[in-house]
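What follows is a set of notes on a single structure, which appears directly below.
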Amino acid sequence: EAQVTQNPRYLITVTGKKLTVTCSQNMNHEYMSWYRQDPGLGLRQIYYSMNVEVTDKGDVPEGYKVSRKEKRNFPLILESPSPNQTSLYFCASTDGTSGRNEQFFGPGTRLTVL
Amino acid sequence: QQPVQSPQAVILREGEDAVINCSSSKALYSVHWYRQKHGEAPVFLMILLKGGEQKGHDKISASFNEKKQQSSLYLTASQLSYSGTYFCGTPGTSGGSNYKLTFGKGTLLTVNP
């Protein structure tokens with residue numbers, strides 16, 4: 001089954017404790033993105049990647065890091081989480097070959113930083 | 001800049017029609033529409049690439065007016081399953097970075113029996 005998976009789905013942590021949210025897709029898509037979703041603000045792009053070892057900042061990259069060492073994986077790293085990073089996070093991969101540029105979203109990771 | 005969606009919320013009875021608008025202060029080269037049901041991930045509806053283009057997805061269609069820098073999503077004879085938050089997304093540049101999308105804040109659509 002074609003899908004994007006994220007782990008963990010829920011995470012409660014404390015300020016300053018480094019964490020990684022994993023994202024993996026099995027559709028061989030070149031393009032992947034991370035978004036955060038906050039009430040009243042919609043989906044905001046954090047980082048995106050156009051291929052292995054090629055990443056770029058989205059609209060709200062501060063406090064986040066990403067890496068793309070393999071095509072299927074695109075982890076999101078919070079080196080020193082703060083309470084303002086409490087949010088719902090979505091990973092997405094994009095089918096850039098069909099012309100639809102459809103983004104397939106993962107199920108989301110709800111992060112709470114205390 | 002984030003595209004502006006209107007209305008922010010709309011409540012319908014089953015069978016009624018609705019229009020959701022998406023406008024941008026900068027030139028648009030494409031518009032993407034997604035729907036997110038409560039507690040779920042966003043799901044792609046359609047992408048519009050050309051001025052004046054219209055597309056359909058079930059009884060949901062959309063138009064895109066490049067000159068006016070806006071797109072509208074039309075929901076006809078709404079069904080309970082249409083309930084959710086609708087987002088429009090616009091890419092960063094004409095260079096086709098359809099992967100760097102900026103989404104609007106969303107329109108919450110509620111369809112009641």
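Proteins come first, then strands; the chains are lettered A, B, ... in the order of their sequence lines, and each starts at number 1.
Linking Ile, Leu, Val, Met, Phe, Trp and Tyr residues whenever their side-chain heavy atoms come within less than 4.5 Å leaves B/I60 and B/L108 in two separate clusters.
One finds the CG atom of A/L43 at 9.5 Å from the OG1 atom of B/T85 (value rounded to the nearest 0.5 Å). Separating the OH atom in B/Y34 from the CZ atom in A/F105 is a distance of 5.5 Å, to the nearest 0.5 Å. In this structure, the separation between CG on B/L101 and OH on A/Y48 is 10.5 Å, given to the nearest 0.5 Å.
Around the CD atom of A/E53, the shell of radius 6.0 Å holds more than 12 heavy atoms that belong to other residues, nucleotides or ligands. Heavy-atom neighbours of A/I77 CD1 from other residues, nucleotides or ligands within 6.0 Å: above the threshold of 12. More than 12 heavy atoms of other residues, nucleotides or ligands sit less than 6.0 Å from atom CG of A/L41.
Minimum interatomic distance between A/G106 and B/A41 (heavy atoms only, all atoms of both residues): O-CB, 3.1 Å.
Contacts of B/Q2 with chain A are made by side-chain atoms alone, with heavy-atom separations under 4.5 Å and no backbone atom involved.
Residues satisfying the side-chain hydrogen bond (donor to acceptor under 3.5 Å, both in side chains) test with A/Q37, not counting sequence neighbours, are B/Q36.
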